[in-house]
Amino acid sequence: MRQWTLEERYRILKGPEDIRDLYDRIQGSFYRQRYHVQPITGLSSDPNGFAFYEGKWHLFYQWCPWGAVHGLKYWYHAVSADLMSWENCGVGIWPDTFFDNKGCHSGSAIASGDDLYFFYTGNHRDENWVRTPFTCAARMNADGKLEKLEKPLFGPRDDYAEHQRDPKIIYVPEKKKYFIFIGAQTLDKKGTALIYESPDLLSGWQFAGQLNVPGYEDFGGMWECPCIVRISGKDVLIFSPQYTTLPGRGNSTNHNVYLIGRMDYDTLTFTPESDFQYLDYGFDFYAAQCCANVEDPDKAILVSWIGLPDNHYPTEEEDWEGSLTLPRELRIRDGRLVQTPVSSIFSFREAELDPDLQPAGADDGAQEDTGRLLVSGAQLPRACELEAVFQDGSADLNLFTRKDGSGGFTIHYDAAARLMTVSRTGMEKRFNENVFETISFSPETDLKKISAFIDSCSVELFINDGEKTFTSHIYPTAEEHHFAVSENARVKVWGLKTTVTDKFVV
Ligand code: FRU
């Protein structure tokens with residue numbers, strides 16, 4: 001793994017020519033995504049400033065141009081009319097002031113009047129590398145002209161640790177006020193969120209207090225990227241607790257969870273109505289953010305980073321890494337979030353393919369506890385959707401296998417235990433082995449259906465029409481593009497069209 005000096009990581013991008021060669025080289029990568037937002041060069045991480053504005057969806061992400069490394073962060077801007085076809089717009093917010101001299105860190109957006117307003121963390125460091133996080137704001141007009149507010153809205157509080165960042169802006173009509181939630185750490189290193197309030201977007205901000213979430217006073221050491229959204233009259237609090245392990249999540253210390261409940265803005269108390277849930281059960285899912293200004297009381301749109309802090313991925317060698325998940329529609333059913341891929345994806349299906357299932361010989365991929373596997377002779381397209389509908393009982397679906405059905409990214413369902421086990425140990429390229437390579441979890445109901453959305457270096461599983469989801473990076477070799485499935489499944493496959501233009505725009 002390449003070692004980066006601070007100077008290399010925090011180099012300032014002077015112009016497109018600085019990264020043109022890098023872009024040209026990366027274009028040849030086998031793992032460039034076809035329908036997921038990805039960095040033109042370097043690293044993309046958290047989604048930022050996701051909002052519907054002037055008839056379009058605006059999505060930004062944390063971007064470090066130089067390589068797959070966390071260094072000087074820009075907000076890179078992409079825009080879409082349908083949440084699937086994304087055009088690169090170049091840098092949205094540059095680190096070019098005293099307050100954000102070492103990066104424009106994560107934040108959110110809200111449309112109001114004619115403009116789109118951004119709230120982000122100015123990551124300031126002094127000459128001794130001491131960090132001060134400022135909450136900064138900027139405004140973009142319909143022509144795309146962006147103007148930063150000269151001074152931050154507020155600085156950090158010294159009665160909390162230096163981890164105070166990732167402002168999430170929300171308007172609460174009952175209070176006729178805006179609120180900002182900031183991910184934070186207390187002085188005794190407990191994760192929390194701080195709340196600020198104001199009647200106006202760009203002035204009048206006051207500290208309201210610390211968010212109380214009964215039962216969650218000691219839940220991770222920092223809550224990154226808090227996000228609150230109202231769906232069907234309930235409040236959904238989403239955040240990424242870190243510096244702790246959680247049940248069923250291997251050695252990972254970075255998680256993304258949600259709580260459904262009620263947010264009381266007078267007492268600053270979020271009362272959960274049930275236990276926390278993982279937002280996604282996969283290996284690589286973090287810092288999810290809901291889109292602002294959607295204005296449908298029964299759904300929200302969510303995007304997340306496919307990746308985790310402190311983890312390493314094979315394309316780092318090629319000087320790029322990361323992409324964003326498919327936008328997802330969130331709804332509430334029976335006290336849980338149900339997630340489905342944004343419906344416009346289905347208009348990008350190509351003609352249905354014949355999965356060409358061939359019975360395997362007894363030694364040729366049979367699975368002892370679920371009966372015989374059927375091995376597909378057909379090679380899956382690099383970008384495709386695979387739908388498997390299962391009859392009762394245990395089941396297997398192994399994606400990215402070799403032609404003979406061996407290896408792969410294996411999904412096993414044990415019906416008696418109602419347990420799903422997903423493993424990427426069968427793949428040739430293995431990574432983050434010390435974090436986790438196998439995860440087990442229980443679907444809400446018996447397994448009936450898996451919809452897998454496959455792209456060059458990622459797979460997203462929607463289980464039982466979105467009762468649970470599972471997102472993972474995956475780096476199959478050219479030979480690992482087949483699949484195998486237990487004989488109690490009916491399988492359909494569609495190729496998916498390329499929807500990201502991946503143009504060089506800086
Ligand atoms: C989450 C995070 C945020 C921060 C950003 C910096 O991945 O650590 O808390 O603002 O990334 O890129």
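Note that these values count all heavy atoms, side chains included, but never hydrogens, waters or copies made by symmetry. Positions are given from 1, in the same order as the sequence printed here. Counting starts at 1 for both ligands and their atoms, following the listed order.
- Taking the centre and axis of the six-membered ring of W320, the NZ or CZ atom of R25 falls outside the cone set by 45° and 6.0 Å.
- Between the Y74 side chain and the L13 main chain, a donor and an acceptor come within less than 3.5 Å of each other.
- Using a non-hydrogen distance threshold of 4.0 Å, D46 registers as a contact of ligand 1.
- Using a 30° and 60° split on the angle between ring planes, Y117 and F119 fall in the parallel class, below 30°.
- The aromatic rings of F470 and F441 sit parallel, their planes meeting at an angle under 30°, below the 60° perpendicular limit.
- Given atom 4 (C) of ligand 1, the protein heavy atom at minimum distance is D166 OD1, 3.5 Å.
- Here's the thing with E224: one of its N/O atoms is less than 3.5 angstrom from an N/O atom of ligand 1.
- Listed by number with element, the atoms of ligand 1 under 4.0 Å from a non-hydrogen atom of R165 are 3 (C), 4 (C), 9 (O), 10 (O).
- Residues passing the ring-ring contact (aromatic ring centres under 6.0 Å, His included) test with Y53, sequence neighbours excluded: H58.
- Residue contacts with ligand 1: Y286 is placed with no nitrogen or oxygen under 3.5 Å of a nitrogen or oxygen of the ligand (distance criterion only).
- When the side-chain hydrogen bond (donor to acceptor under 3.5 Å, both in side chains) test is applied to W223, no partner is found at least two apart in sequence or on another chain.
- Per-residue contacts place K73 under 4.0 angstrom from the following atoms of ligand 1 (heavy atoms of the residue considered): 6 (C), 12 (O).
- For ligand 1, the atoms sitting less than 4.0 Å from at least one non-hydrogen atom of Q62 are 5 (C), 6 (C), 12 (O), numbered in the order shown with element in parentheses.
- A cation-pi contact, defined as under 6.0 Å to the ring centre and within 45° of the axis, links R382 to F30.
- The ligand atoms of ligand 1 that sit less than 4.0 angstrom from a heavy atom of W305 are 7 (O).
- Near S106, with a cut-off below 4.0 Å to any heavy atom, the atoms of ligand 1 are 5 (C), 10 (O).
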